There are 4 protein chains.
Amino acid sequence: MMLSHTPPTQQLPVRGPAPAVRPRMARDAAVRALKRQIIVDAARTVFAEAGLEGTSMRGIAAAAGCTTGAIYPYFRNKEELYAAVLSDSLNSLRLHIEDAVGRAGDPRARVATAIRSYFAYYRSRPDDLTLGLYLYHGLKPAGLTPELDRKLNRRLAQVLDVIGDAIAAYGGLDAEARRMEICQTFSYVMGLLICDCTHRLNALGGSAEPLLERYTQDLLARLAP
Amino acid sequence: MMLSHTPPTQQLPVRGPAPAVRPRMARDAAVRALKRQIIVDAARTVFAEAGLEGTSMRGIAAAAGCTTGAIYPYFRNKEELYAAVLSDSLNSLRLHIEDAVGRAGDPRARVATAIRSYFAYYRSRPDDLTLGLYLYHGLKPAGLTPELDRKLNRRLAQVLDVIGDAIAAYGGLDAEARRMEICQTFSYVMGLLICDCTHRLNALGGSAEPLLERYTQDLLARLAP
Amino acid sequence: MMLSHTPPTQQLPVRGPAPAVRPRMARDAAVRALKRQIIVDAARTVFAEAGLEGTSMRGIAAAAGCTTGAIYPYFRNKEELYAAVLSDSLNSLRLHIEDAVGRAGDPRARVATAIRSYFAYYRSRPDDLTLGLYLYHGLKPAGLTPELDRKLNRRLAQVLDVIGDAIAAYGGLDAEARRMEICQTFSYVMGLLICDCTHRLNALGGSAEPLLERYTQDLLARLAP
Amino acid sequence: MMLSHTPPTQQLPVRGPAPAVRPRMARDAAVRALKRQIIVDAARTVFAEAGLEGTSMRGIAAAAGCTTGAIYPYFRNKEELYAAVLSDSLNSLRLHIEDAVGRAGDPRARVATAIRSYFAYYRSRPDDLTLGLYLYHGLKPAGLTPELDRKLNRRLAQVLDVIGDAIAAYGGLDAEARRMEICQTFSYVMGLLICDCTHRLNALGGSAEPLLERYTQDLLARLAP
DNA sequence: GATGAATGAGCTTTCATTCAT
DNA sequence: TATGAATGAAAGCTCATTCAT
C-alpha cells in the first residue's frame, strides 16, 4: 500500500508484462518511496509524543536517522509532513473498518461492526486521534492548507462511506437519510472518543464501551426495518 | 460577576453596616481584580486566534496594553493564565445554561432548553471550544497541571449537573441512569460541536442544528415517562 | 558594633550625660539600624548561596522578610549592599584576629596566632572568601565603585595591621621590611585559601594546614632575632 | 597547534603517503576547526571584559561576527564555551613555561625560570587569571561540570608538573616533598597574582616582582643541595 | 518607611528553513 | 540527494530599579 503524497511516487508499483524495461528508474522510485515512508513513520511517533508544535524537524530527523535537510526533498513543510502522517492514518483506518465489516455476517452485524471497529481503531491508537484534533487549530498560515484540507476531507469521506453503506443497507435509507445518520454517528463517536481520551468521561464516572453499545442499540432499534 | 482567582479578592463586595472601614483595601483589591480581568480577556482573544502554543506572552501583553513583565504578578505561567481563561469560560457557560433553563416552562422544555443552550453557547463562541480542546494535548509537564485539571473538572461537573438535573427530573432517572445520560449527551454535543466547527459536517453535507434537534427528540422519546 | 555605611546612622549610639533629651530620635535610629542589619545578614546568606550575579534583590528581600522596595531606602544599589556585606565581614575578621592575638603569649606565639587565625577565619566561613573574590571582576560600571573600593581597602589595611604589628614586633623590622612581610604573607595565605577552597589543593594531593604550618615556621626562622 | 574539542578534528593533520585521498574531509574539518577557534577567541575577549555572567551569547556572537545560533553547533552551552576558553589558556600556559624552561641553563636557573615564566604569563594576560577565578563560584549546576572540572584539573596538573620537575631536579626531592613544594609555590604565586591584579598590593604599598624574587630566593636557599 | 505592580531591557536557547558544499 | 552550519526571529521568563500609593 503506497500512501504517495507527491505525484512522482505514483510511477512506482507498475509491475506487469514489461518488468525489465526501466529497472533503474523503478528501483530509484522504490528507494525514494521507502525513505519517504521512514520519515513519515518517524514523524508519527514524534508528533504523538511531543505534539504538533512541540515537535521539531530536528527531532523528526533524528528519529528517522537522517538530518533535517534530508527531509525537505520529500516534504516542503512541517505541515505537509503532518498532512502525510494524517493521510496515512485515515487510510489505514479505512482498511481496518473495511476488513472488519467484510468479515461480519448479516446487515445488522455489519452496522454494529462498522461502528465498533471505527471506535476501536482510535481507542487503540489514541495518538492518531490527538493528531487529528490538531486539524482544528494550530496549522498556522502556511501555503497549501486548503488543498491539504480537501484531500483529507476526501479520505475521511471514504472512511465514513463504509459506515454509511452498512447503515443504509440495513435501514433501507435514501441518500438524504443516509447522510444524516452518517453525520449523527460520526459526531457521536468522535465526541465519545475525545471525552474518553481526555479523561473527561472518567471524571464524570462514565465508561466508553457501554455508552457506545447503548448508542448502537438505540440506532439499530430506530432503523429496524 | 467577579471571577476572582486569588482568594483575597473575595473580600471585595462585603457590603454591610461598616462600609467605610477599609475603603483603601477594598479599592486596591478592586483595582487588582480589574487589571487581572483585562489580562484574562486579552489572553482569551489571542489564545483563540493563535492557539495555545502559537500565542506568546508578548502577544497577550500587547493585547492587554501592558508589558510582559506586568503579567507575572497575576499569573505565574502561561499555563496558569490559560487555566484562568478556561475557568472563566466554564463559569459563564454555567451561568448561561442556568439562566436559559430557569426561564423554560415544563420539564420537557427544560431538557430541550438545557441541551440547546449548551450547544448554542459554544456555537456562538467557537473560541471557547477551541480553547477547551487544548486540554487534550500540549500542556507539557508544568508545575501545577494536576491541580488545575482537578479544578477545571469540577467546573465542568457543575455545568453538566444543570443538564443532568433537567434530564433526571423529566425521565425520573436514578443516579446511575442519570450519569449515563449525562455522558451520552455530553459526548454527543461535544462531538457535534467539534465536527461542525472544524467544518467536517459541512464537508459531509450535514447541518448541525437539525442534527441536534433530531438527537434531542430521540432522547426525549426514549425518556418519555 | 555598628557597621554604618550611610552617614545618618552615625548619630546613633551617642549615650552620655543627657540620655533623655531626644529619646524618640534615638529609638528611630536604633530601629533603622536594626532593619538595616537584617537586610545585610539576609544578603550575606543569599549572596553566599547563589553568587553575586545569581542573587536577585527579590531573593534578598524574601530572605529578609520584606519587599524589594524596602531595601532601597537603606542601600542605593545591589552593589552598595554587597559592599556592606563585605565591610561587615572584614570588620569581624579584624575582631577575630585581634581577639586571638590578644590571648597569645610571647611575640613568637603572636605571629603564629595572627597568621593561623587569619587563615582559620576564612576557612570556617568560605562564603566570605567567595564574596571577597567578587571584588576582582563583575561589579559592573556603577556609580560609586572607587569610593567603595577605598573604603574596603582601608578596612583590609586595618586587618593586616594587626598581623603586621605582630611580625614587626617579633622580628624588629623597620617600616619597609614590615610592609614587605605583610604583602608576602597576605599573598600566600590568600592563595592558599583560594587553592584550598577551589579544591585545587585536593586535586594536587596537598593539604592546607600542614602547608600553612610550614610557611609559618619558615617565616619565623627567617625573622628570628 | 590545534586545540580540538571534538574528536573528529583529530583526523586533520594526518599527512602521509596518500595526502590526496580525502582532501574534502580534511578541508571541512579544517574549516570547522577554524570557525570554532574564532568563536573561542571572541569568547575569551568578551568573558574577560564582562565577566562570566555578565557576558551574553549575543555579545560573544557579535564579537565573533556571527549570530547566536551559529555558536551552538560548536558548543552546547555557555559553560562548554567557557571551558573551551579556559582549556585553551591552560594549554598555552604550559607551552609558555615549557619553552622558557627549555631555554634555561643549569637546574637552579630552571627553577627560577619556571616560577618567573608562570607568573609572567598571567601578569601579561590578566584576563586569563580572571577567567580562571570564575571556577570558584558561578558555574551553576549545569550538565557536565564535573567532567569539565576533571578535564581542567588534568590540564593544570600538566602545567604544574613542569614546575615540579624543575624543583625536584634541583633539590633532589622525593615524591612527597615535591608535591608539597608544588602546592606551596602554586598557592603563593596564585595569591600574589590575585593580590596584584586586584590592586590590593598597590594599596598596601607592595610591588609584585620584588616579592616574587624574594620568594624565589628563599625557596632556592631552602632547597640548596 | 513600605508596598508591590510596572517598566524595559535583557537573558539563553530553540526553531523552521535555506544553502553552499 | 544529503549534509549540517547558518540565519534571523522568536520564545518564556527574570532582572534591578522606579514610583504611585
Side-chain angles (χ1 to χ4, degrees), chain A residues 28 31-32 35-36 53-61 65-81 140 142, chain B residues 24-25 27-28 31-32 35-36 39 53-61 65-79 81 140 142, chain C residues 28 31-32 35-36 53-61 64-81 140 142, chain D residues 24-25 27-28 31-32 35-36 39 53-61 64-79 81 140 142:
Chain A
D28 285 0
V31 167
R32 186 185 154 87
K35 291 189 182 174
R36 202 192 103 102
E53 318 215 32
T55 295
S56 71
M57 293 299 270
R58 250 194 275 278
I60 295 171
C66 64
T67 58
T68 48
I71 295 178
Y72 286 82
Y74 300 93
F75 305 94
R76 283 198 301 233
N77 278 338
K78 196 180 170 183
E79 183 188 355
E80 204 170 288
L81 180 47
K140 302 292 159 37
Chain B
R24 171 65 174 282
M25 278 179 68
R27 234 263 309 253
D28 283 1
V31 167
R32 187 183 156 88
K35 291 188 181 175
R36 202 193 104 103
I39 294 172
E53 317 211 37
T55 294
S56 71
M57 295 298 272
R58 261 190 263 274
I60 294 172
C66 64
T67 59
T68 49
I71 296 177
Y72 287 82
Y74 299 92
F75 305 94
R76 282 195 300 233
N77 279 335
K78 197 179 168 183
E79 184 189 353
L81 180 45
K140 306 281 164 44
Chain C
D28 284 0
V31 166
R32 186 183 154 88
K35 291 188 182 177
R36 202 192 104 104
E53 319 215 31
T55 294
S56 71
M57 292 300 270
R58 249 195 275 281
I60 295 172
C66 65
T67 59
T68 49
I71 295 177
Y72 286 81
Y74 299 93
F75 305 94
R76 283 198 301 233
N77 278 337
K78 195 179 170 184
E79 184 188 354
E80 203 169 292
L81 180 45
K140 304 289 157 39
Chain D
R24 170 66 172 280
M25 278 179 67
R27 233 263 309 255
D28 283 1
V31 167
R32 188 182 154 88
K35 291 189 182 175
R36 202 193 104 103
I39 294 171
E53 317 212 35
T55 293
S56 71
M57 292 301 270
R58 258 195 268 273
I60 294 171
C66 64
T67 58
T68 49
I71 296 177
Y72 287 82
Y74 300 92
F75 305 94
R76 281 196 300 235
N77 279 334
K78 196 178 167 183
E79 184 188 353
L81 180 46
K140 307 280 165 43

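A, B, ... follow the sequence lines: proteins, then strands. Residue 1 opens every chain. From a predicted model like this one, the values you see are computed outputs, not experimental measurements.
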*Would you kindly compare C:Arg58 and A:Gly69 by the position of their nearest DNA chain E nucleotide and give the one closer to the 5′ end?*
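Residue closer to the 5' terminus by nearest nucleotide: C:Arg58.
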*asked:* Let me spell it out: for each of D:Gly59 and C:Ile71, pick the nucleotide of DNA chain E with the closest heavy atom. Which residue's pick is nearer the 5' end?
replied: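 On the 5' side of the pair lies C:Ile71.
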*asked:* For a 4.5 angstrom cut-off between non-hydrogen side-chain atoms, does D:Arg32 reach D:Asp28?
replied: no
_Within-4.5 Å side-chain heavy-atom neighbours: B:Arg36 and B:Phe75_ =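 In contact.
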Roughly how many Å is it from [atom1] in [X] to [atom2] in [N], rounded to a whole number?
X       : N      : atom1 : atom2 : value
B:Phe75 : E:dA5  : CZ    : P     : 12 Å
A:Lys35 : F:dA2  : NZ    : P     : 4 Å
C:Glu53 : E:dC11 : CD    : P     : 12 Å
C:Tyr74 : E:dT3  : OH    : P     : 10 Å
C:Ile60 : F:dA16 : CD1   : P     : 8 Å
C:Tyr72 : F:dC19 : OH    : P     : 12 Å
D:Arg36 : F:dG4  : CZ    : P     : 18 Å
B:Asn77 : F:dT14 : CG    : C1'   : 13 Å

*Please give the nucleotide sitting opposite F:dA9 as a Watson-Crick or G-U wobble pair, both distances under 3.5 Å, or none.*
E:dT14
_Could you identify the nucleotide paired to F:dA20, looking across every strand shown and requiring Watson-Crick or G-U wobble geometry with both distances under 3.5 Å?_
E:dT3
*Hey, which of these two, D:Thr68 or D:Ile39, hits DNA chain F nearer its 5' end, going by closest nucleotide?*
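Final value for this comparison: D:Ile39.
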*Quick one: on DNA chain F, does C:Ser56 or A:Thr67 contact a more 5' nucleotide (nearest heavy atom)?*
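Residue closer to the 5' terminus by nearest nucleotide: A:Thr67.
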*In Å and rounded to the nearest 0.5 Å, what is the CZ to CG distance from A:Arg76 to A:Leu81?*
13.0 Å
*CG/B:Asn77 to CE/B:Met57 distance, rounded to the nearest 0.5 angstrom?*
8.0 Å
*Where the side chain of B:Lys78 meets the backbone of B:Thr55, is there a donor-acceptor pair that is under 3.5 Å apart?*
yes
*Selection from F:dA5, E:dA16, E:dG1 that lies nearest to any side-chain heavy atom of A:Lys78*: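 Nucleotide nearest to A:Lys78's side chain: E:dA16.
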